[in-house]
Novice: 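Structure in structure tokens, see below.
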Amino acid sequence: MIIFIVIVFPILYTGYISVTNMSLYHWSDYKVIGLDNYARALFKFDSVFLSALLTTVLWTALNMVIQLGVGFLIALGLNTPKLRLKRVYKTLLMVPWAVPAYISILLWRVGMFNIEFGVLNKLLTLMGFGKVDFLSNNVIAFCSCMALNLWMALPFMIATIDGALQSIDRGLYESATLDGAGFWGKIRYITIPGIKPIIAPAAVMTTFITFKQFDIIYLLTQQRGYMTGATLNTVITYAHQNAFVSNNYGLSGAVSMLLFIVIILFSLLTNRSLQED
């Protein structure tokens, strides 16, 4: 019963809303309109859903590739033999992950990206370049949001990979050295296979979190009173926009259900892949 109330009922109710014309103007007299909201989201010319979905997929893919790549290299460096102050470095790397997300986003918005007072523009000015509005258009806003997301998310990936690296038997590397294996050979045949069972579930979980990312893009570019000019939208911000700005709850419900279907399909594919491995 608890599972039904907490998980199943909200999904069913959202599905029901998605086939109605519920909105601020039809709050109590809404009616069932079938799949019109789904058709509008997927096929209407002026619908933002498909571009938002493409942006979300690109956002997720780029973040995950960079997180895995950079996280692996940093974790590998932290496990270098005879590295001094190793514990200090690991502690400092956890700071971005420990700071509340809302605080981090506000600090970056004001302290890093601000046109007049931001650190980045001060550095550009000192080097003789003009000031840049890092949140003014979709391309540069996308890159700025991604930089902040990587700063916030990398510590988790580094910590996970670091723990996985420490679980590998050191004797394997010693044997490989005696057999004449080089650095990249050890990485390919010992390190990557050794950490894969640990990293794969963490990567899948982080992919879901990144796909559903809302606060960074919203607070940097779309927060009321701080509209930057960028029209960047992911599926989540698009659903929020329809629900709480346009007050079109039926369309927002349809977008949410489409997102739910995408996540379920991705989950099934990843689970099958993990089971095969």
Side-chain angles (χ1 to χ4, degrees), residues 55-81 83 85-109 112-113 141-170 172-173 183-184 186-220 234-236 262-263 266-267 269-277:
T55 300
T56 306
V57 171
L58 183 63
W59 164 268
T60 305
L62 289 177
N63 273 286
M64 287 310 303
V65 169
I66 297 174
Q67 279 186 49
L68 287 170
V70 176
F72 177 73
L73 292 176
I74 294 176
L76 205 61
L78 290 173
N79 281 271
T80 302
L83 177 66
L85 303 177
K86 185 181 298 186
R87 293 184 181 273
V88 175
Y89 298 146
K90 291 182 179 181
T91 302
L92 291 175
L93 283 170
M94 291 299 106
V95 172
W97 193 36
V99 176
Y102 186 77
I103 302 300
S104 295
I105 295 167
L106 291 183
L107 287 174
W108 274 65
R109 192 177 76 184
M112 297 291 285
F113 298 137
F142 181 90
C143 295
S144 301
C145 291
M146 192 167 69
L148 174 53
N149 184 63
L150 290 170
W151 183 80
M152 293 170 58
L154 265 175
F156 171 77
M157 191 60 68
I158 293 171
T160 304
I161 297 175
D162 177 59
L165 289 172
Q166 293 183 34
S167 69
I168 300 175
D169 184 4
R170 299 292 103 182
L172 295 175
Y173 292 106
F183 175 78
W184 293 112
K186 296 175 185 177
I187 295 293
R188 181 179 178 182
Y189 295 108
I190 299 177
T191 304
I192 294 179
I195 66 175
K196 188 177 179 181
I198 301 175
I199 300 304
V204 171
M205 181 180 69
T206 306
T207 300
F208 284 128
I209 295 172
T210 307
F211 191 86
K212 299 185 296 179
Q213 186 74 51
F214 170 78
D215 50 1
I216 291 177
I217 293 174
Y218 176 76
L219 291 175
L220 283 185
T234 61
V235 175
I236 299 296
V262 170
I263 291 176
F266 180 75
S267 178
L269 290 173
T270 52
N271 284 336
R272 170 183 265 184
S273 176
L274 290 174
Q275 289 174 358
E276 289 177 353
D277 289 342

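Residues: numbered from 1 along the sequence shown.
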Novice: Heavy atoms only: give me the nearest Ala164-Ile199 pair and the separation to one decimal.
Specialist: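 Heavy-atom minimum between the residues: CB-CD1, 4.1 Å.
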Novice: Could you list the donor-acceptor pairs under 3.5 angstrom formed between side-chain atoms of residues 202-215 and any protein atom two or more places apart in sequence or on another chain?
Specialist:
{"unit_1": "Thr206", "atom_1": "OG1", "unit_2": "Ala202", "atom_2": "O", "d": "2.8"}
{"unit_1": "Thr207", "atom_1": "OG1", "unit_2": "Ala203", "atom_2": "O", "d": "2.7"}
{"unit_1": "Thr210", "atom_1": "OG1", "unit_2": "Thr206", "atom_2": "O", "d": "2.8"}
{"unit_1": "Gln213", "atom_1": "NE2", "unit_2": "Asp215", "atom_2": "OD1", "d": "2.3"}

Novice: side-chain contact (heavy atoms from CB on, under 4.5 Å) between Arg109 and Leu106: does it pass, once the steps are laid out?
Specialist: CA-CA 5 Å; Arg109 192 177 76 184; Leu106 291 183; 3.6 Å; yes
Novice: Side chains of Ile236 and Ile217, heavy atoms from C-beta outward: is any pair under 4.5 Å?
Specialist: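 Counting from C-beta outward, Ile236 and Ile217 never come under 4.5 Å.
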Novice: Identify the two heavy atoms, one from Leu83 and one from Gly77, that lie closest to each other, and give their separation to 0.1 Å.
Specialist: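 Heavy-atom minimum between the residues: CD2-O, 3.5 Å.
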Novice: Among residues at least two apart in sequence or on other chains, which ones pass side chain to side chain donor-acceptor pair (under 3.5 Å) with Asp162?
Specialist: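 Once residues adjacent in sequence are excluded, the partners of Asp162 under the side chain to side chain donor-acceptor pair (under 3.5 Å) criterion are Asn79, Lys90, Gln166.
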Novice: With ring-ring contact (aromatic ring centres under 6.0 Å, His included) as the rule and sequence neighbours excluded, what pairs involving residues 150-170 come up?
Specialist: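 Those involving residues 150-170 are Trp97-Phe156, Trp108-Trp151.
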Novice: Just verifying a value: how many Å separate Leu150 CG and Met152 CE, rounded to the nearest 0.5 Å?
Specialist: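 Answer rounded to 0.5 Å: 11.0 Å.
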Novice: With side-chain contact (heavy atoms from CB on, under 4.5 Å) as the criterion, how do Leu154 and Val70 come out once you've worked through the C-alpha distance, each side chain's angles and the decisive distance to 0.1 Å?
Specialist: CA-CA 8 Å; Leu154 265 175; Val70 176; 4.0 Å; yes
Novice: How long is the gap from CG on Leu58 to CZ on Phe142, to the nearest 0.5 Å?
Specialist: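 It comes to 4.0 Å.
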Novice: Just to verify, which of Leu165, Leu73, Ile158 counts as forming a side chain to side chain contact (heavy atoms under 4.5 Å, CB included) with Leu78?
Specialist: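 In the set Leu165, Leu73, Ile158, the residue that makes a side chain to side chain contact (heavy atoms under 4.5 Å, CB included) with Leu78 is Ile158.
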Novice: Step by step, work out the side-chain contact (heavy atoms from CB on, under 4.5 Å) result for Ile187 and Phe183.
Specialist: CA-CA 6 Å; Ile187 295 293; Phe183 175 78; 4.0 Å; yes
Novice: Does CZ belonging to Arg87 count more than 12 external heavy atoms closer than 6.0 Å?
Specialist: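 Counting other residues, nucleotides and ligands, CZ of Arg87 stays at 12 neighbours or fewer.
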Novice: Is the shortest heavy-atom distance from the side chain of Ile74 to the side chain of Leu93 under 4.5 Å?
Specialist: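 Contact flag for Ile74/Leu93 side chains = yes.
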Novice: Kindly write out the residues that satisfy side chain to side chain donor-acceptor pair (under 3.5 Å) with Thr191, not counting sequence neighbours, or none if the list is empty.
Specialist: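 Thr191 satisfies side chain to side chain donor-acceptor pair (under 3.5 Å) with Tyr173 once adjacent residues are dropped.
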Novice: Who pairs with Lys186 by side chain to side chain donor-acceptor pair (under 3.5 Å), at least two apart in sequence or on another chain?
Specialist: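 For Lys186, the residues satisfying side chain to side chain donor-acceptor pair (under 3.5 Å) (neighbours in sequence not counted) are Thr177.
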Novice: If you compare all heavy atoms of Ile198 against all heavy atoms of Ser167, which two are closest, and at what distance to 0.1 Å?
Specialist: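 The pair with the smallest heavy-atom distance is CD1-OG, 3.7 Å.
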Novice: Just by modelled atom types, is the Trp59 backbone N or O under 3.5 Å from a matching donor or acceptor in the Asn63 side chain?
Specialist: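 Yes; at least one donor-acceptor contact below 3.5 Å.
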Novice: Which heavy atom of Ile168 sits nearest to which heavy atom of Leu172, and what is that distance?
Specialist: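 In terms of heavy atoms, the two residues are closest at CG2-CD1, 4.3 Å.
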Novice: Could you pull out the closest heavy-atom pair between Pro96 and Ser104, with the gap in Å?
Specialist: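 Taking every non-hydrogen atom into account, O-OG, 4.3 Å.
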Novice: Considering all heavy atoms of both residues, which atom of Cys145 and which atom of Leu220 are nearest to each other, and what is their separation?
Specialist: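 Closest heavy-atom pair between Cys145 and Leu220: SG-CD1, 3.7 Å.
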Novice: My understanding is that only residues two or more places apart in sequence, or in another chain, count here; which of them pass side chain to side chain donor-acceptor pair (under 3.5 Å) with Gln67?
Specialist: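 Once residues adjacent in sequence are excluded, Gln67 has no partner under the side chain to side chain donor-acceptor pair (under 3.5 Å) criterion.
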